[in-house]
Amino acid sequence: MRAFAHRGCPVLAPENTLAAFRAATPRLPCVELDVRRCGSGELVVFHDETVDRMTDGSGAVADATLAELQELRVGDSDESIPTLAAVFDALPDSTFVNVELKESGLATDLAAVVADVSNEVLVSSFEADALREVREASALSVAYLFADDWADSLATAAELDCAAIHPHYELLSAARVEEAQGAGFDVNTWTVPDRETVERLREWGVDGVIVDDPALVAEQKS
């Protein structure tokens, strides 16, 4: 079972920062990160639509230039908002990277950023259109993210020719894991809150868990 560091290691460093990813990679074999476009066009690694929750600034990411975003500090740290390219530069080649697209219209630029990386990359999104664009622009594998509507979501994943599904962990049962895998999908689930749930998911044969705290999973990167 793979273990993904959700937005890096937010228990060790502010989420989606270079410090978080550098803390994650010695501990877990995989990282998950969020991507959206800033006002000057670059792809940046940031979860929220606005910078208000995570930085000392305010306003929409889409309205700020990269230079303006990089003047902000994330959390109580000296970390700034990184570009997607900078994160890949900081990651070991062996790290499996789950890129979550927070919006559509990013596929061509995403493909350009990852064209020369050695990392295995899986692109996920709640937005079906964003994944359709990825399928049209590249050979990258895609995964459909969802938190409800199990049957409809499996149908959407099949229509998108997804390699994986990323359901919320509360949707899962042993039977549903078997159903999804029988339909040809890997099952990576988010955001698993405790060790007991991790172990239950392992028993059910889940392919991957996405966690905030690497201490929740016994698996360590070799």
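If you read the sequence from its start, that first residue is 1, and numbering goes on from there.
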A.B. asks: Indicate the atoms forming the closest heavy-atom contact of His6 with Pro10, along with that distance.
C.D. replies: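 Heavy atoms only, the tightest pair is O-CD, 3.2 Å.
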A.B. asks: How long is the straight-line distance from OG of Ser173 back to CG of Leu201, given to the nearest 0.5 Å?
C.D. replies: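 Going from CG on Leu201 over to OG on Ser173, the span is 10.5 Å.
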A.B. asks: Are any non-hydrogen side-chain atoms of Val87 and Asn16 less than 4.5 angstrom apart?
C.D. replies: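 No, side chains not in contact.
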A.B. asks: So Leu122 and Val99, do their side chains get closer than 4.5 Å, heavy atoms only?
C.D. replies: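 Sidechains of Leu122 and Val99: no contact.
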A.B. asks: Give the minimum heavy-atom separation between Trp190 and Leu145, together with the two atoms involved.
C.D. replies: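 Nearest pair, atom of Trp190 first, then Leu145: NE1-CD2, 3.3 Å.
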A.B. asks: Please answer whether the main-chain N or O of Tyr144 pairs with a side-chain N or O of Ser124 as donor and acceptor at a distance below 3.5 Å.
C.D. replies: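 No, the answer is negative, given that no donor and acceptor are paired below the 3.5 Å cut-off.
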A.B. asks: Taking only residues two or more places apart in sequence, or in another chain, which ones meet Glu170 in a side chain to side chain donor-acceptor pair (under 3.5 Å)?
C.D. replies: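 Counting only residues at least two positions away or on another chain, Glu170 forms no side chain to side chain donor-acceptor pair (under 3.5 Å).
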A.B. asks: Ignoring hydrogens, what is the shortest heavy-atom contact between His168 and Thr191? Give both atom names and the distance.
C.D. replies: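 It is CD2-N, 4.5 Å.
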A.B. asks: Taking the basic N atoms (NZ, or NE/NH1/NH2) and the acidic carboxylate oxygens, is any pair closer than 4.0 Å for Glu15 and Arg53?
C.D. replies: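 Looking at Arg53 together with Glu15, the answer is yes, because their closest N to O distance falls below 4.0 Å.
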A.B. asks: Measuring from atom CG of Leu160 to atom CZ of Arg132, what distance do you get when rounded to the nearest 0.5 angstrom?
C.D. replies: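 If we round to the nearest 0.5 Å, Leu160:CG and Arg132:CZ are 5.0 Å apart.
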A.B. asks: So, are Arg135 and Asp161 salt-bridged, with charged N and O less than 4.0 Å apart?
C.D. replies: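 Result for this pair is yes, salt bridge flagged.
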A.B. asks: With no hydrogens and no angle check, do the side chains of Thr50 and Asp52 hold a donor and an acceptor under 3.5 Å apart?
C.D. replies: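 Yes, a side-chain donor-acceptor pair sits under 3.5 Å.
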A.B. asks: Please check: side-chain N/O of Glu32 versus main-chain N/O of Arg7, any donor-acceptor pairing under 3.5 Å?
C.D. replies: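 Indeed, once roles are kept as given, a pair shorter than 3.5 Å links the two residues.
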A.B. asks: Considering only heavy atoms from C-beta outward, does the side chain of Pro29 approach that of Ser94 to under 4.5 Å?
C.D. replies: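 They are not in side-chain contact.
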A.B. asks: Looking only at heavy atoms, which two atoms of Asn188 and Ala164 are closest? And how far apart?
C.D. replies: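 Asn188 and Ala164 have their closest heavy atoms at ND2-CB, 4.0 Å.
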A.B. asks: Heavy atoms, side chains only, cut-off 4.5 Å: are Leu28 and Phe4 in contact?
C.D. replies: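 No, side chains not in contact.
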A.B. asks: Of all the heavy-atom pairs spanning Ala64 and Leu69, show the shortest one and how long it is.
C.D. replies: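 That closest heavy-atom pairing would be CB-CD2, 3.6 Å.
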A.B. asks: Are there over 12 heavy-atom neighbours, none belonging to Glu159, within less than 6.0 Å of that residue's CD?
C.D. replies: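 Counting neighbours around CD of Glu159, more than 12 heavy atoms of other residues, nucleotides or ligands fall under 6.0 Å, so yes.
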A.B. asks: Let's go through Asp34 and Val45 carefully: what are the C-alpha distance in whole Å and the side-chain angles of both, what is the deciding distance for side-chain contact (heavy atoms from CB on, under 4.5 Å) to 0.1 Å, and is it a yes or a no?
C.D. replies: CA-CA 5 Å; Asp34 304 286; Val45 177; 5.5 Å; no
A.B. asks: What residues form a side chain to side chain donor-acceptor pair (under 3.5 Å) with Glu127, not counting sequence neighbours?
C.D. replies: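 Scan of Glu127 (side chain to side chain donor-acceptor pair (under 3.5 Å), adjacent residues dropped) gives none.
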A.B. asks: What about Phe96 and Val123, same hydrophobic cluster or not, with Ile/Leu/Val/Met/Phe/Trp/Tyr joined at side-chain heavy-atom distances under 4.5 Å?
C.D. replies: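 Different clusters: Phe96 never reaches Val123 through Ile, Leu, Val, Met, Phe, Trp or Tyr contacts under 4.5 Å.
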A.B. asks: Is any side-chain heavy atom of Leu84 closer than 4.5 Å to one of Val44?
C.D. replies: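 Answer no - side chains too far apart.
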A.B. asks: Under the rule for side chain to side chain donor-acceptor pair (under 3.5 Å), what residues qualify as partners of Glu71, not counting sequence neighbours?
C.D. replies: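 Residues passing side chain to side chain donor-acceptor pair (under 3.5 Å) with Glu71: none at all.
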A.B. asks: Kindly work out whether a path of hydrophobic side-chain contacts (I/L/V/M/F/W/Y, heavy atoms less than 4.5 Å apart) joins Val74 to Leu18.
C.D. replies: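 Shared cluster, no.
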A.B. asks: Would you find a donor on one side and an acceptor on the other, under 3.5 Å apart, between the side chain of Asp213 and the backbone of Val11?
C.D. replies: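 Looks like no, no N/O pair under 3.5 Å.
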A.B. asks: With rounding to the nearest 0.5 Å, note down the distance linking CZ in Phe46 to SG in Cys38.
C.D. replies: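 It is 12.0 Å, given to the nearest 0.5 Å.
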A.B. asks: So does Glu196 get a backbone contact from the side chain of Glu199, meaning a donor-acceptor N/O pair under 3.5 Å?
C.D. replies: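 Checked: no pair found.
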A.B. asks: Pair up each side-chain donor or acceptor in residues 102-113 with any protein partner under 3.5 Å, not counting sequence neighbours, and list the distances.
C.D. replies:
residue : atom : partner : partner atom : Å
Lys102  : NZ   : His47   : NE2          : 3.4
Lys102  : NZ   : Glu100  : OE2          : 2.9
Glu103  : OE2  : Arg37   : N            : 2.9
Asp109  : OD2  : Arg37   : NH1          : 2.6
Asp109  : OD2  : Arg37   : NH2          : 3.2

A.B. asks: Would you tabulate the side-chain donor-acceptor contacts of residues 203-211 under 3.5 Å, counting partners in other chains and residues two or more places apart, or write 'none'?
C.D. replies:
residue : atom : partner : partner atom : Å
Asp207  : OD2  : Gln181  : NE2          : 2.9
Asp207  : OD2  : Val187  : N            : 2.8

A.B. asks: Could you check whether any side-chain N or O of Thr197 sits under 3.5 Å from a backbone N or O of Val192, counting only pairs where one atom can act as donor and the other as acceptor?
C.D. replies: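 Such a contact is absent between Thr197 side chain and Val192 backbone.
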A.B. asks: For the atom pair CG (Leu101) and OG (Ser125), what is the distance rounded to the nearest 0.5 Å?
C.D. replies: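 If I round to the nearest 0.5 Å, the distance is 5.5 Å.
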A.B. asks: Are Asn98 and Val31 close enough that some pair of their side-chain heavy atoms sits under 4.5 Å apart?
C.D. replies: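 No. Closest side-chain heavy atoms not under 4.5 Å.
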A.B. asks: Taking only distance into account, with no hydrogens and no angle test, what donor-acceptor pairs under 3.5 Å do side-chain atoms of residues 146-155 form with protein atoms, sequence neighbours excluded?
C.D. replies:
residue : atom : partner : partner atom : Å
Trp150  : NE1  : Glu179  : OE1          : 2.9
Ser153  : OG   : Asp148  : O            : 3.1
Ser153  : OG   : Asp149  : O            : 2.9

A.B. asks: Is Leu171 linked to Phe126 within one hydrophobic cluster, defined over Ile, Leu, Val, Met, Phe, Trp and Tyr using a side-chain heavy-atom separation of less than 4.5 Å?
C.D. replies: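 As far as the 4.5 Å side-chain criterion goes, Phe126 and Leu171 are not connected within one cluster.
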A.B. asks: Treating Ile, Leu, Val, Met, Phe, Trp and Tyr as nodes and any side-chain heavy-atom pair under 4.5 angstrom as an edge, say whether Phe88 and Leu66 lie in one connected cluster.
C.D. replies: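 Different clusters: Phe88 never reaches Leu66 through Ile, Leu, Val, Met, Phe, Trp or Tyr contacts under 4.5 Å.
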A.B. asks: Check for a donor-acceptor pair, side chain of Ser138 on one end and backbone N or O of Val134 on the other, with a separation under 3.5 Å.
C.D. replies: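 The answer is yes, because a donor-acceptor pair under 3.5 Å joins these two groups.
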A.B. asks: What is the distance from atom CG of Leu72 to atom OG of Ser80, rounded to the nearest 0.5 Å?
C.D. replies: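 If I round to the nearest 0.5 Å, the distance is 9.0 Å.
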A.B. asks: Nearest 0.5 Å, please: how far is CD in Glu120 from CG in Leu140?
C.D. replies: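 It is 11.0 Å, given to the nearest 0.5 Å.
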A.B. asks: Taking side chain as C-beta onward, heavy atoms only, is Asp48 less than 4.5 Å from Val61?
C.D. replies: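 Answer no - side chains too far apart.
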A.B. asks: Kindly give the heavy-atom pair with the smallest separation between Pro167 and Leu172, and that separation in Å.
C.D. replies: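 Minimum heavy-atom separation between Pro167 and Leu172: CG-CD2, 3.8 Å.
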A.B. asks: Would you check if the side chain of Thr95 reaches a backbone N or O of Leu91 as a donor-acceptor pair within less than 3.5 Å?
C.D. replies: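 The answer is no, because no donor-acceptor pair under 3.5 Å joins these two groups.
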A.B. asks: Does the side chain of Thr55 come within less than 4.5 Å of Ile81's, by heavy atoms?
C.D. replies: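 Yes - at least one pair of side-chain heavy atoms lies under 4.5 Å apart.
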